[in-house]
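Working notes, structure below.
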Amino acid sequence: MKKSKGKPDSKKVRMLETEEIELLNSWIHSQRPESGSNPLSSPPLDKKEPVGRVGEGGNFSRYAGASRFDQLPISRRTKNGLKGAGFVKMTEIQRASLPHSLCGRDILGAAKTGSGKTLAFVIPVLEKLYRERWGPEDGVGSIIISPTRELADQLFDVLKTVGKHHNFSAGLLIGGRKDVDTEKERVNELNILVCTPGRLLQHMDETPNFDCSQLQVLILDEADRILDVGFKKALNAIVSQLPKHRQTMLFSATQTKSVQDLARLSLKDPEYISVHEESVTATPSHLRQTAMIVPLDQKLDMLWSFIKAHLNSKILVFLSSCKQVKFVFEAFKKLRPGIPLMCLHGRMKQERRMGIYAQFCEKRSVLFSTDVASRGLDFNKAVDWVVQVDSPEDVASYIHRVGRTARYNSGGRSVLFLMPSEMKMLEKLRESKVPIQFIKANTKRLQPVSGLLSALLVKYPDMQQLAQRSFITYLRSIHIQKDKEVFDVMKLSIDEFSASLGLPMTPKVRFLNQKIKGKTGPGKPSVEMENSGKEDASVIPKEELLTDDFKEEKVERDFLLTKDSQEEGKASIMGDIMPATRVLKKKKLKINVHRPVGSRVVFDEEGNTRPPLAMMADAKSDNIALDQDQKKEYYKKLREELKRADKEDKLLDRERRREKRVKEKMKWKKGNVEEEDNDEEGEEEEEKMEQGRRKRSKIYFDNDSDVDTANDNDNRKENKILTLQLLCIVS
Ligand SMILES: Nc1ncnc2c1ncn2[C@@H]1O[C@H](COP(=O)(O)OP(=O)(O)OP(=O)(O)O)[C@@H](O)[C@H]1O
């Protein structure tokens, strides 16, 4: 038994605690359910049935049939925390797992998204440490691992709420926080760690005397993701440093059944709890799901039209890469749809990511995101729509993405855009008990946006680069997908796709040799792998590629459905999430960038030089939606102009690179610079500058596409006010 936290005036409290702990231990032991039994099949406890010890010195009440938290053998402190947060009745996964987890058994828990899995592991963590009388001097007693920083942050909030009346110290250890040294000083004082794998491993490697040898409980939230290849090495390294004698619990909406995976975690006779296995659907029952065919070159038109038809909703839009998110966000922002827009992806700084997450919880808005938001996040239960513009990589990813809406008892809707070549995904979803309705898009109501994008790209040269990157990363995301039945880059009409992003010319992509076989068009192969054989897509690690009211309902029905489907009374449109893929192998892509550069120098009112094409865009800005003939003519001129400019541009670029190299060399000599560019396509200037300042001793991968650095001395100075978030749960 561990010593309690010694408060001088708490003798009486300690005695009461000791009594309570003895009682809880006896209760748990005497009434523990049979191993392998399902508490959901136990007869429900009568509301009036006495709870706890029944009569003086008598038996204890059953807790395997309990439907309310106050019928469980848990401490007063936890009960008060639950009551304070308004948690009274248990959800199915809580009823099924808590009777087993409270008596110390390993758990493999699966339940639909939004069904309350978080409390199913937070409560046993608090109870185990409480019954062991865990105190500050006992060190780390429990570790909760989450695949993403946002999810870890959210778990930490739940822990703080429910554990409010306990005296444990808890810390949030996630990448992106620069003040890792302060964390190192305090991490050994923490009892409960909520962390991402990368940061935990960093502490295990670098923090002097970091000690987990007394660990009691290990939790893996979104377990299948953490056991996935992306985290394999980190997890193996972590587990090798943990004591074998511990309680381990794994939870996810899409649980792993791989014996190999479980063996890595040395689970002991785990209880397999899959509360919705018998359920007719794999997704929440009050989620209305639809899918529709949207050709690649119409995706942005459809998305734009959808947003314009749902200006009073909270919409979560999933795209497959950071670059796409950036481009669509920036472009739509400039086009002002009439609803606040936000974006979230793994390359954003952590503080900004947290800020965006918090804002989206509060406001009616559209959030464009990669799969960094696809798992676990609970946006205040109020996401109206999940729109999957790019198909998820598999059924599990789909389930997690759509699971951001229709949480707990609330409703939600989702729409999935599928290209004609991806229709196999619909079959796979249906085979996996996803009740998804196929609807026809009413293309007559589409509001084309590509004309506006073309003009934007001319007006803002930065946007052109973003569009090119978005184009390339999308193709690569399809190229590296494992499921070739669904994803076939050869079937993509890349010229049309490029034009739909507003690009005047189709960029060349190193991994794709654009040998046009005859005429490029839908259904015809338009691209050919340049490096097929050299680079097997399946072995590229995934990460970056790797989720109102009746009036509005009417608008969306009018807009989204064809007459036929409306007559049939089919449900309305779009929505869902998919995992992004990270490319860990950093490569520079040789892109044929035809940036508009003119020879004539024009100055604006502030004395800045203005490229001639920007002037052209200004001239057209009164009517930027050009008709087809005008557009053709306009592109023709533009191409000629660009070709001329291209030569000059290349020379300038070469010169600029040369100068930059010389400068960097000189800086390096002075000992000021020690880092290299970290982005495969030449990341943005801000990122480059920041990386240049970093002095990196080791890289830790935290989640999709995030790299975290140690010994970040310079940045530490800049971030004195940085929130460390080593927060304590104070009673
Ligand atoms: N017993 C309960 N009573 C009321 N609300 C609850 C209860 N349990 C959980 N909730 C609420 O339900 C929502 C979803 O819970 P939670 O985030 O734990 O779901 P989840 O199963 O972990 O979902 P995901 O698979 O997406 O991670 C949260 O807003 C949470 O506060």
Side-chain angles (χ1 to χ4, degrees), residues 1-4 12-85 87-107 109 116 119-135 141-142 162-168 216-217 219 246-249 268-271 273 731:
M1 192 74 77
K2 309 282 167 185
K3 280 181 224 159
S4 71
K12 203 173 164 199
V13 177
R14 282 214 317 274
M15 274 177 61
L16 287 173
E17 271 179 17
T18 310
E19 266 174 38
E20 187 185 34
I21 289 168
E22 273 170 17
L23 184 125
L24 288 174
N25 281 333
S26 311
W27 186 2
I28 288 170
H29 183 74
S30 67
Q31 292 296 323
R32 67 181 186 278
E34 287 271 309
S35 184
S37 68
N38 180 1
L40 290 179
S41 351
S42 302
L45 280 188
D46 191 333
K47 263 189 185 174
K48 288 177 191 152
E49 238 175 282
V51 172
R53 196 191 289 276
V54 182
E56 199 46 43
N59 285 335
F60 288 96
S61 61
R62 228 168 9 100
Y63 56 89
S67 58
R68 298 195 321 263
F69 290 111
D70 63 6
Q71 296 172 324
L72 291 174
I74 55 177
S75 62
R76 197 170 299 279
R77 289 174 189 256
T78 302
K79 279 183 185 165
N80 288 342
L82 288 164
K83 205 170 152 191
F87 298 125
V88 179
K89 281 182 76 179
M90 289 188 275
T91 64
E92 280 190 320
I93 183 69
Q94 292 156 5
R95 279 165 51 210
S97 65
L98 284 169
H100 288 295
S101 57
L102 286 171
C103 56
R105 292 177 184 150
D106 285 357
I107 303 281
L119 285 183
F121 59 77
V122 163
I123 294 172
V125 163
L126 291 167
E127 287 303 295
K128 174 74 180 170
L129 298 189
Y130 177 70
R131 294 201 314 269
E132 289 293 330
R133 315 215 72 172
W134 212 257
S142 178
V162 180
K164 195 174 165 189
H165 301 285
H166 283 278
N167 289 320
F168 308 123
Q216 303 291 306
V217 194
I219 309 285
R246 58 166 198 261
Q247 185 181 9
T248 306
M249 289 183 253
K268 297 175 297 293
D269 305 323
E271 296 293 332
I273 296 165
S731 64

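Note: hydrogens, waters and symmetry copies are ignored here, and every other heavy atom, side chains too, is used. Model, not experiment: these values are computed from the prediction.
Below 30°, between 30° and 60°, or above 60°: for Trp27 and Phe60 the angle between ring planes is below 30°, a parallel geometry.
Side-chain contact between Thr78 and Tyr130 is absent, with no heavy atoms from C-beta onward closer than 4.5 Å. Two residues are said to be in side-chain contact when any heavy atoms from C-beta on lie closer than 4.5 Å; Ser97 and Met249 fail this criterion. In this structure, the side chains of Glu127 and Ser101 stay at 4.5 Å or more apart for every pair of heavy atoms. By the 4.5 Å heavy-atom criterion applied to side chains, Gln71 and Ser61 are not counted as neighbours. No side-chain heavy atom of Leu72 sits less than 4.5 Å from a side-chain heavy atom of Ile123.
Side-chain N/O atoms of Thr18 and Arg133 include a donor and acceptor closer than 3.5 Å.
Looking only at distances, a side-chain donor or acceptor of Lys268 sits under 3.5 Å from a matching main-chain atom of Arg246. For His165 (side chain) and Lys79 (main-chain N/O), no donor-acceptor pair under 3.5 Å exists by modelled atom type. Formation of a donor-acceptor pair under 3.5 Å by the Ser142 side chain with backbone atoms of Val217 is found in this model. Side-chain N or O atoms of Arg77 include none that pairs as donor or acceptor with a backbone N or O of Leu126 at under 3.5 Å. Between the side chain of Gln31 and the main chain of Ala64, no donor-acceptor pair closer than 3.5 Å is present.
The salt bridge (Lys or Arg N to Asp or Glu O under 4.0 Å) check on Lys128 picks up Glu132, with sequence neighbours excluded. Under the rule for a salt bridge (Lys or Arg N to Asp or Glu O under 4.0 Å), Arg76 has no partner lying at least two apart in sequence or in another chain. Taking the side-chain contact (heavy atoms from CB on, under 4.5 Å) definition, one finds that Ser35 meets it with Arg105, Glu271, sequence neighbours left out.
Considering His100, Gln94, Arg95 as possible partners of Leu98, the one that fulfils the side chain to side chain contact (heavy atoms under 4.5 Å, CB included) test is Gln94.
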